[in-house]
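Letters A, B, ... mirror the listed sequences (proteins, then strands); counts begin at 1.
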Amino acid sequence: MSSYPRPYPAQNPSAFVTTIIQWQKQHGRHHLPWQKTGDAYRIWLSEIMLQQTQVSTVIDYYHRFLVRFPTLQALAQADQADVMPYWAGLGYYARARNLHKCAQAVQATHGGRFPEDPELIAALPGIGRSTAGAIAAFAYGVRTPIMDGNVKRVFTRYFGVTGYPGNSVVEKTLWALAHDVLDAAPATVDIAAYTQGLMDLGSGPCARRNPACEQCPLSHSCHARKHGLQNQLPTPKPRAEVPLRSCHMLILLHDDHVFLEQRPDSGIWGGLWSLPEFDDPEALASYCVQRGVTTAPQRMGGLQHVFTHFKLDITPWQVNAPGATTREAEPQKQWFALQQWPTLALPAPVKKIIAGLAQPSLISAPAEPDAG
DNA sequence: TATCCGTGGGA
DNA sequence: TTCCCAAGGAT
């Protein structure tokens, strides 16, 4: 018994399997190079190359590899250094090292023939649960499930499984579901056609983007199809936590006016008026000196602003600019009356700061202006 | 359990 | 440009 919750009683596991088998035989792929053989060595090689790698990329590598290493024995007897050139460009080079080790392991502990038991296959280097299932099903007709990216897509959509499939709890649920589906299937099934059919569906009608449900034999009872969730399932990988940035803003005051700069059109807050912004307090201080401000700015209470792609910690610094002019030469640097803040095009956090300056009673007391 | 491992493709 | 993902596994 599996322990995953069963929120989808409408689906019929037995019909799921038989429908996929029929569809695969009529509409599935039948001419991929590794489908022409029952040789476990070639099937294994293809499954390793296909890990996280698209079919179109693998095909040439697969042929080249087999010309040089036509049998498991040939591979096992070679040096690893002779193998690596045939993997160069494919990526994930641990696959090639494990491939070589695996060939030697099969030679040494299984008499040169891949075992049929998926658990024994999965104990070999570079072979996990899903690859072991595929080898057992394709090479030996063993009735055992796989759970690769294609199958995850078909299962999450058809059965309505939510949560990122890379999450271990979700993946465990999917494996349990895959076992239960096979357990409920007819006593005799073409396991190779079923396994291939799942992958053909996942790379065809049930593609990642814009699935062609009208071409899918399962659409009439598909959870995602029924609820219009094709583009929400599988649940996408949660986005990495947004980075935290920080900046310092200068509140330059003179005679109830505040000094603002218009931001460039490109970039964040494009075209809006904002307080002069600096990466660090030193840059802010030297800017004040350049403008002839002789007193030190006072640090005010900070605030955080959340964007879609980062968080921004803002530290305001306030200083009076006695004797400063309210006329600026550059049009994108101007003094504005504090009371004017509701009419200005200001970023939200800046508006909050300026509003607080215009209504000092609403915020904690700002630092006393310079005594000199 | 989360992270790393490579390259190519698509939006 | 940038991000996500592709017939996953090892650590």
Side-chain angles (χ1 to χ4, degrees), chain A residues 20 24 28-35 40 42-62 65 84-102 105 118-119 121-139 144-157 163-172 174-175 178 191-204 206-211 231-243 266-267 307-310:
Chain A
I20 290 173
Q24 203 285 326
R29 293 173 290 188
H30 298 273
H31 298 289
L32 296 170
W34 40 89
Q35 291 180 297
R42 293 181 173 230
I43 291 167
W44 161 64
L45 174 65
S46 73
E47 292 300 331
I48 301 302
M49 286 187 166
L50 287 162
Q51 288 170 358
Q52 297 297 100
T53 310
Q54 295 182 345
V55 169
S56 56
T57 303
V58 164
I59 290 178
D60 286 344
Y61 284 88
Y62 177 78
F65 196 96
M84 298 311 289
Y86 292 85
W87 209 274
L90 250 192
Y92 285 131
Y93 299 99
R95 291 187 295 175
R97 298 190 295 272
N98 283 328
L99 189 84
H100 184 241
K101 280 197 291 186
C102 182
E119 289 192 15
I121 301 176
L124 292 163
I127 303 179
R129 202 174 168 187
S130 187
T131 299
I135 295 169
F138 287 135
T144 188
I146 65 170
M147 190 49 64
D148 64 12
N150 287 314
V151 183
K152 285 174 179 172
R153 192 158 48 249
V154 173
F155 269 65
T156 54
R157 283 178 175 161
Y164 173 56
N167 174 286
S168 62
V169 174
V170 178
E171 181 156 14
K172 193 175 173 184
L174 289 167
W175 272 107
I191 188 67
Y194 170 65
T195 304
Q196 186 64 48
L198 280 171
M199 295 192 288
D200 292 349
L201 280 175
S203 66
C206 202
R208 184 158 65 97
R209 277 185 284 256
N210 301 116
N231 290 323
Q232 273 63 250
L233 293 173
T235 302
K237 180 179 183 152
R239 291 186 66 81
E241 191 165 350
V242 297
S266 62
F307 295 90
T308 54
H309 51 305
F310 66 94

Q: Among residues at least two apart in sequence or on other chains, which ones pass side chain to side chain donor-acceptor pair (under 3.5 Å) with A/Q52?
A: none
Q: To the nearest 0.5 Å, what is the distance between CD on A/Q24 and NE2 on A/H30?
A: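 One finds 4.0 Å between CD of A/Q24 and NE2 of A/H30.
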Q: Check every atom of C/dG9, B/dT1, B/dG6 against the side chain of A/S130 and return the nucleotide holding the closest atom.
A: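 For A/S130, the side-chain atoms sit closest to C/dG9.
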Q: Considering only the P atoms, how many Å lie between C/dC4 and B/dC4, rounded to the nearest integer?
A: 15 Å
Q: A/L90 or A/G166: which one's nearest nucleotide on DNA chain B is closer to the 5' end?
A: A/G166
Q: Which is true for A/L32 with a 4.0 Å heavy-atom rule: it touches a base, it touches only sugar-phosphate, or it touches nothing?
A: base
Q: Decide yes or no, distance alone: a donor-acceptor N/O pair under 3.5 angstrom between the base of C/dA7 and the side-chain of A/R29.
A: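 It does, because a donor-acceptor pair links the side chain of A/R29 to the base of C/dA7 below 3.5 Å.
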Q: Quick one: which of C/dC5, B/dC5, C/dA7 gets closest to the side chain of A/R208?
A: C/dC5
Q: Looking only at non-hydrogen atoms, find the nearest pair between A/A136 and A/P118 and report the distance.
A: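 Nearest pair, atom of A/A136 first, then A/P118: CB-CG, 3.9 Å.
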Q: Could you tell me whether the side chain of A/I59 reaches within less than 4.5 Å of the side chain of A/W34, counting heavy atoms only?
A: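 Result yes, sub-4.5 Å side-chain heavy-atom pair found.
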Q: Calculate, to the nearest 0.5 Å, the distance between atoms CG and NZ belonging to A/N167 and A/K172 respectively.
A: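 The NZ atom of A/K172 is 11.5 Å from CG of A/N167, to the nearest 0.5 Å.
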Q: Tell me the interatomic distance from A/I48, atom CD1, to C/dA6, atom P, rounded to whole angstroms.
A: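 A/I48 atom CD1 is separated from C/dA6 atom P by 18 Å.
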Q: Calculate the interatomic distance between A/I146 atom CD1 and C/dA6 atom P; express it in whole Å.
A: 13 Å
Q: When the distance from CD of A/Q35 to P of C/dA7 is rounded to whole Å, what number comes out?
A: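 The distance from CD of A/Q35 to P of C/dA7 comes to 14 Å, rounded to the nearest Å.
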Q: Distance check, P atoms only: C/dC5 and B/dT3, in whole angstrom units.
A: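 The same atom, P, in both gives a distance of 16 Å.
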Q: Quickly work out the A/Q52 CD to B/dT3 P distance and round it to whole Å.
A: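 Spelled out: CD on A/Q52 to P on B/dT3 is 16 Å.
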Q: What is the distance, rounded to the nearest whole Å, between atom CZ of A/R97 and atom C1' of B/dC4?
A: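 Going from CZ in A/R97 over to C1' in B/dC4 covers 12 Å.
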Q: In whole angstrom, give the distance that lies between atom OH of A/Y61 and atom P of C/dA7.
A: 18 Å
Q: Taking 4.0 Å as the cut-off, does a side-chain nitrogen or oxygen of A/Q51 come that near to OP1 or OP2 on C/dG8?
A: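 False: A/Q51 side-chain N/O out of range (4.0 Å or more) of C/dG8 OP1/OP2.
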Q: Could you give the distance separating B/dG6 and C/dT1 at their P atoms, to the nearest angstrom?
A: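 C/dT1 and B/dG6 have their P atoms separated by 25 Å.
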Q: Closest-nucleotide mapping onto DNA chain B: is A/A94 or A/Q54 further toward the 5' terminus? I mean the 5' end.
A: A/A94
Q: It should be established whether A/R209 places a side-chain nitrogen or oxygen under 4.0 Å from OP1 or OP2 of nucleotide C/dC5.
A: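 For C/dC5, OP1/OP2 do not have a side-chain N/O of A/R209 under 4.0 Å.
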Q: Is A/E171 touching bases, backbone alone, or none of the nucleic acid, heavy atoms closer than 4.0 Å?
A: nothing
Q: Check this one for me: any side-chain N or O of A/T57 less than 4.0 Å away from OP1 or OP2 of C/dA6?
A: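 So the side chain of A/T57 is outside the cut-off, no N or O lying under 4.0 Å from OP1 or OP2 of C/dA6.
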Q: Does atom CD of A/Q232 have more than 12 heavy-atom neighbours from other groups under 6.0 Å away?
A: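 Counting neighbours around CD of A/Q232, more than 12 heavy atoms of other residues, nucleotides or ligands fall under 6.0 Å, so yes.
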Q: In this structure, how many angstroms lie between the C1' atom of B/dA11 and the CG atom of A/N231, rounded?
A: 12 Å
Q: Is the phosphate of C/dA6, meaning OP1 or OP2, less than 4.0 Å from a side-chain N or O of A/Y92?
A: no
Q: Please report, rounded to the nearest Å, how far the C1' atom of C/dC5 is from the CG atom of A/L50.
A: 15 Å
Q: If you assign A/E47 and A/P125 each to the DNA chain C nucleotide with the nearest heavy atom, which residue ends up on the more 5' nucleotide?
A: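 So the residue in question is A/E47.
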Q: Find which nucleotide of DNA chain C each of A/W34 and A/L124 is nearest to by heavy atoms, and output the residue with the more 5' nucleotide.
A: A/W34
Q: Taking atom P in both B/dA11 and C/dA7, compute the distance separating them and give it to the nearest angstrom.
A: 15 Å
